[in-house]
Protein chains: 2
Amino acid sequence: MKKVKQKDLSLPRPRDRGATERSILEAAKLVLAEEGFQSFGINAIARRAQCDKQLIYRYFAGLEGLVEASGIELASKLTHDLHQISAAHRPDSYGALMKVLLLGLLDLLRGDKIMQQTIAWELAAPSPLLSRLIAARSQALSTWMHHMRGDLTPPPGADAPAINAALIAAAQHLVLSASASGAFAGMMIKTEADWRRVRDTLATLVDGAYGTRPS
Amino acid sequence: MKKVKQKDLSLPRPRDRGATERSILEAAKLVLAEEGFQSFGINAIARRAQCDKQLIYRYFAGLEGLVEASGIELASKLTHDLHQISAAHRPDSYGALMKVLLLGLLDLLRGDKIMQQTIAWELAAPSPLLSRLIAARSQALSTWMHHMRGDLTPPPGADAPAINAALIAAAQHLVLSASASGAFAGMMIKTEADWRRVRDTLATLVDGAYGTRPS
DNA sequence: CATACATATCACCGGCTGGTGACAAATAGG
DNA sequence: CCTATTTGTCACCAGCCGGTGATATGTATG
């Protein structure tokens, strides 16, 4: 069965600029989440949105502007999600605080394909276009940490920023690798039980680094 | 100044199949290391090798075979480098052993653009073509760890495989991020001093996880 | 109604990609 | 010397990409 030329049965788009812009933004997110940053381009987004790519140029001044517009939305979503996490916890030590942050971030990242793709994108192809996205994200993250810290201070002698960076790096890499291949360094990361193991391990690392008792 | 059609001054390749194959393999490595996996394709490699892409099809049966041929070479190099590392150390505890392994792997990865690109590639675009490369690498790594372990055993109650996976994940992610943007989570990773800080941090995490005294 | 504008679509361009068949030239074997 | 094989080059294909100018069509305004 060869594919035969087929008349375009789709009706023309309703002439509603606002709706079109929204559908383009939605399509951009879908493409990034489901097809990866490698497929993230004008043509792919236009196909998803079922509109002409010309409209992307007109309404967003190209990919650049589209990414920027999406970026704002995503940053606000991130801060909201982070707030959600921190609302339910009252840690009583710096280590306990970091444990909450790290595991919360892990779960957040796990469910957010877009953020995963953004991180992978930045690792693979650093570009000025992305640096702003990344900056916005880490900005939201750091203000969140600062706001939540309260009067808790890290143990003296500990290089807390570096330790936290390494822990977050571990979490991010495990999520990305799990998403890509379902495993890392011989350890399967697929089932909920696997993820509990990961969480326990990260908690252990936090406890070890900050001298807290296991909770 | 428009670029003008220019006669090809290059002499034809010497008719030496072995040399041609070597130069193609070399070109493949260069493209991957310097231009990234996104540019890793038949045309780019042929350009680098200054030969016709047809030869890649003839001698390696396409990209697939070329990757495979390179993969073998890289795996043997990895095992050699790992041996190099372990030769000079006689750790007296499991924690000390892991510290050596982790920091050795960090430095190894730091100087190996090809391995960095391979890892990023796998994170971004999982494909059966790459899974074999990855499998070969983790195989070499695990046999190395097994061979080097000796009679040292992890502390009871510790989930050593998971802890090691998390630590390696942290190291890999920090290297990739440093290579891509020179920073991670607000921490600069550029100078040698920065890298010493990273090493110290990873060592601290190992000590904390395995209850060893800081060395 | 007629005109002007906003919206959407189409057709095309140059450039790059992977892939292939035809051809030229050097070499080896009889 | 003539031939067959190997080695290398070239020309071309279809397909996708980003980007743009021209065009149709709906909608609001005078």
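Below, all heavy atoms of this structure are taken into account, side chains as well, without hydrogens, waters or symmetry copies. Here is how names work: the chains are called A, B, and so on, in the same order as the sequence lines, proteins then strands, and each is numbered from 1. Values in this document were obtained by computation on a predicted structure and should not be read as measured data.
Rounding to whole angstrom units, CG of residue B:Asp52 and P of C:dA24 are separated by 15 Å. Atom pair A:Asp16:CG and D:dT27:C1' shows a separation of 13 Å (rounding to whole Å applied). Atom CZ in B:Arg15 sits roughly 5 Å away from atom C1' in C:dA25 (whole-Å rounding). For the pair B:Arg13 CZ and D:dG8 P, the interatomic distance rounds to 7 Å; values are reported in whole Å. In this structure, B:Glu21 places its CD atom 13 Å from C1' of D:dG8, rounding to the nearest Å. Nucleotide C:dG18 holds its P atom 7 Å from the CD1 atom of B:Ile42, rounded to whole Å. Atom NZ in B:Lys53 sits about 13 Å away from atom P in D:dA11, given to the nearest Å. Summarising the geometry, the separation between CD on A:Gln54 and C1' on C:dC10 is reported as 10 Å, rounded to the nearest angstrom.
Residue A:Asn43 has no polar side-chain atom (N or O) positioned under 4.0 Å from OP1 or OP2 of D:dC16. Remark: A:Thr20 is in phosphate contact with C:dA8, judged by side-chain N or O atoms under 4.0 Å from OP1 or OP2.
Side-chain contact check for A:Tyr210 and A:Asn164: at least one donor-acceptor pair (N or O, by modelled atom type) lies under 3.5 Å. Side chains of B:Arg13 and B:Ser23: a donor-acceptor N/O pair is present below 3.5 angstrom, by distance only.
Taking every side-chain heavy atom of B:Tyr57 into account, C:dG18 is the closest of D:dC10, D:dG18, C:dG18.
Base engagement by B:Leu55 is indicated by at least one non-hydrogen atom pair under 4.0 Å involving a base atom. Counting non-hydrogen atoms under 4.0 angstrom, B:Arg17 reaches the backbone sugars and phosphates but no base.
Counting heavy-atom neighbours within 6.0 Å of B:Gln50 CD, excluding the residue itself, gives a total of 12 or less.
Checking side-chain atoms of B:Ser181 against main-chain N and O of B:Ser177 turns up a donor-acceptor pair under 3.5 Å.
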